[in-house]
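One structure is given below, encoded as C-alpha cells.
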Amino acid sequence: MARRLCWCFALLLSPAGATLAHDGDHPPDVRVWRDADGLFEIEGSFVLARDGRVQILKHGGAAVWVPLDKLSEGDRAWVRERVGAIRGINGAAAAPRPGPPSDSTAGGAGEPADPTRAAVAVFGLVFAAAAGQKAAGGRPGGAVAAALLITGAAGVLAVARDGEPEPAIRTHFEPFKDKLKFRTDDEFFYVESNAMPDHPMMVGITAWQQQVPLPQPYTGANAWRVPLRPRLADQPISAKKALFSGAIAVAVNGVPIFNALNNRGVDAFLAGELDEYGGHCGRGDDYHYHTAPIHLEKAVGKGNPIGYALDGFPLYGATDADGKEPKGLDEFNGRTEKDGYRYYSTKTYPYVNGGMRGVVAVRNDRIEPQPRDAPVRPAGLPLRGAKITGFTRDDEKKTYAVKYEVRGQTLGVKYTINDDRTYTFVYTNAGGKETTETYRRREGKDGPPPKKDGPAKKDGPAKAADRPPPKKDGPPRPAE
C-alpha cells in the first residue's frame with residue numbers, strides 16, 4: 001500500500017502531473033543550473049536526485065536529466081543540502097556528508113517515518129486545496145498546482161523549504177519590482193529588466209551617435225547577476241586602464257552602469273554624450289548610465305544602495321550613513337566600513353565605482369558573464385551639431401520618439417515595436433521629409449544585423465560628421 005501511494009504521488013508530481021498548472025504557475029526553487037565547465041545553463045526547478053543524476057523541470061514543462069557530477073560545485077552542494085532536507089522530512093537521521101557527487105545512498109540510524117501516513121497527509125493537502133478552489137468557483141487544476149507549490153515536492157514524499165530569508169540585496173531593488181523580476185541561487189542574485197527607466201531619456205545630449213533607447217531582453221540566462229558573497233581581489237582592476245566594454249554595475253532600477261570612460265577612453269560626460277540623468281544609448285540602442293544615478297535615492301531613500309557593482313559590492317549615493325560626503329575613498333571610489341566594502345558616487349570622475357575592487361572574471365576587456373544587448377539596426381555614426389531636445393514614449397502602444405536640432409532645424413526619429421517583432425523607424429529630415437525603415441531583430445545573435453546593401457537613402461537618417469566640442473560644466477543632474 002505504502003509503495004503504491006509513493007508511486008502515485010511521484011506520478012502526480014511528474015511533468016505530466018505538472019501540466020495541471022495554468023500559465024504563470026511555476027514550481028518553487030527556480031534557479032539557474034550551470035555545468036562545471038561553463039558550457040551550459042538551465043533555468044528550472046529541482047525535481048529529484050537519483051542514481052547520480054538530477055532531474056530539472058524547465059519553465060515550459062519539459063524535464064531534463066543531468067549527471068550530478070557534471071554540475072557546478074555550487075549546484076552539487078545545493079542538491080546535497082536539499083536531499084538532506086528531504087531525508088529529514090521523511091524521518092531519517094541526518095545523512096553524513098556524502099563523498100563523491102554520484103553517491104545516492106543514505107546512511108544513519110533512526111526510526112523512519114511511516115511513508116503511508118506521510119503520503120496520506122500530503123494528498124490531503126492537495127485535495128483540500130482542490131476542493132477549496134472548486135468551492136470558490138476556480139479551476140481545481142490551478143489549486144493542485146498551488147498545493148504542489150506549498151508542499152514544494154516532486155518525486156518524493158515531502159520537501160522542506162530552506163527557511164533562509166531573502167538576501168538583503170533584494171530589498172534595495174524592491175521599489176522597482178513592478179518593472180523587474182528577481183531570483184536567487186547559492187551564488188548570485190539575478191535581476192531581469194528591459195533597461196527602460198521611468199525617467200525621460202536622451203534629452204540634453206550634444207554628442208550623439210544617432211542611437212535611441214530600445215527595450216533589451218535582459219531576462220532568463222541573459223539576466224544581470226550580482227554575487228551574493230563578494231570578495232576583495234588581490235589584484236583589483238582600475239577602470240582607468242580597463243573595462244571599456246560592457247557594464248561594471250547595475251542600478252536598482254535594472255539599468256546597467258558603464259565605465260565613466262567610453263570605449264575610446266574619453267570621459268563620456270565631459271564629451272557631451274550623456275543626458276540629464278547621466279545616460280545614453282550604445283551601439284545596440286541599449287540605454288545605460290555612465291555616471292551615478294543619484295536620482296534613484298528618491299525611490300530607495302538616502303543611505304541605501306542605488307546600485308550594485310558586478311563584483312557584488314554595493315554602490316551608494318554621494319553621502320554616507322551620517323549624511324556627510326564620504327572621506328578617504330580609494331581610487332575605486334570606495335572604502336571599507338563596519339559592514340564591509342562599499343562604493344560611493346561622486347560629482348567628479350570616476351562618478352561611480354572606478355573599477356572592480358572585488359573578484360570578477362574579465363574576458364575581452366569586459367566582465368563576464370554579463371547580459372548581451374540585442375541590436376535591431378546597424379549602429380549609427382556621430383552627427384555633428386545635433387542636440388537632443390525631446391523624448392516621448394507610449395509604452396502601451398510601444399511607440400517612442402526622439403526630437404533633436406541641427407543648425408536651427410528640428411528633426412526627429414519616431415519608432416514603433418510591432419506585434420510581429422519588427423521595428424518601424426520613421427526618420428524626419430530637413431524640410432520635414434519622412435523616410436520609413438523596417439528592421440527585424442535577429443533572435444539569438446549578439447551582433448547587429450547586417451547593413452543594407454548600397455549607400456544610405458538620400459532622405460534617410462541624417463548624415464554623420466564629427467562630434468561637437470565637449471561640455472565644460474558640472475556633472476549631469478536629473479530634471480526635477
Side-chain angles (χ1 to χ4, degrees), residues 10 13-15 18 26-90 92 94-107 148-149 152-164 166-167 181-192 219-231 310-312 359-361 363 367-372:
L13 294 175
S14 69
H26 298 295
D29 299 325
V30 175
R31 52 186 284 117
V32 176
W33 303 78
R34 301 179 186 82
D35 75 310
D37 299 320
L39 298 178
F40 68 78
E41 290 183 346
I42 299 174
E43 185 176 7
S45 302
F46 172 75
V47 178
L48 59 89
R50 186 176 64 198
D51 300 328
R53 298 186 302 161
V54 175
Q55 190 180 57
I56 300 170
L57 181 64
K58 301 169 72 174
H59 276 318
V64 296
W65 286 94
V66 180
L68 185 59
D69 59 4
K70 295 298 183 182
L71 291 173
S72 68
E73 175 55 36
D75 287 336
R76 295 199 299 268
W78 189 95
V79 170
R80 288 194 293 266
E81 181 179 351
R82 178 46 51 91
V83 170
I86 293 169
R87 293 191 180 105
I89 289 295
N90 289 333
R97 188 173 184 85
S102 59
D103 287 352
S104 59
T105 58
L148 296 183
L149 288 172
V156 292
L157 292 180
V159 175
R161 298 286 292 173
D162 287 339
E164 297 180 359
E166 291 287 351
K181 291 184 179 180
F182 320 118
R183 65 182 187 276
T184 307
D185 63 18
D186 288 343
E187 300 177 69
F188 297 99
F189 176 73
Y190 298 86
V191 181
E192 297 188 2
T219 60
N222 199 44
W224 297 100
R225 61 185 74 192
V226 180
L228 292 174
R229 291 174 289 277
R231 296 177 292 118
L310 297 188
D311 60 7
V359 175
V360 293
R363 292 193 294 273
I367 298 169
E368 295 289 6
Q370 70 169 276
R372 293 294 196 271

*asked:* Under a 4.0 Å threshold between the charged nitrogen and the carboxylate oxygen, would E192 count as salt-bridged to R183?
replied: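 A salt bridge is present here (some side-chain N lies under 4.0 Å from a carboxylate O).
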
*asked:* Taking R80 first and then E73, would you say they form a salt bridge - that is, a charged N and a carboxylate O separated by under 4.0 Å?
replied: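 Judged by the 4.0 Å cut-off on N to carboxylate O distance, R80 and E73 do form a salt bridge.
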
With rounding to the nearest 0.5 angstrom, report the [atom1] to [atom2] distance, [X] to [Y].
X	Y	atom1	atom2	value
L228	D186	CG	CG	8.5 Å
R82	L48	CZ	CG	12.5 Å
R372	N222	CZ	CG	8.5 Å
D75	I42	CG	CD1	9.5 Å
T184	E187	OG1	CD	12.5 Å
K70	D35	NZ	CG	8.5 Å

Tell me, do [X] and [Y] make a side-chain contact under 4.5 Å, heavy atoms counted?
X	Y	result
F189	R225	no
D185	W78	no
V79	V83	yes

_For the backbone of G44 and the side chain of W33, can you confirm whether one donor and one acceptor N or O come within less than 3.5 Å of each other?_
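Pair found, side chain donor or acceptor close to backbone of G44.
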
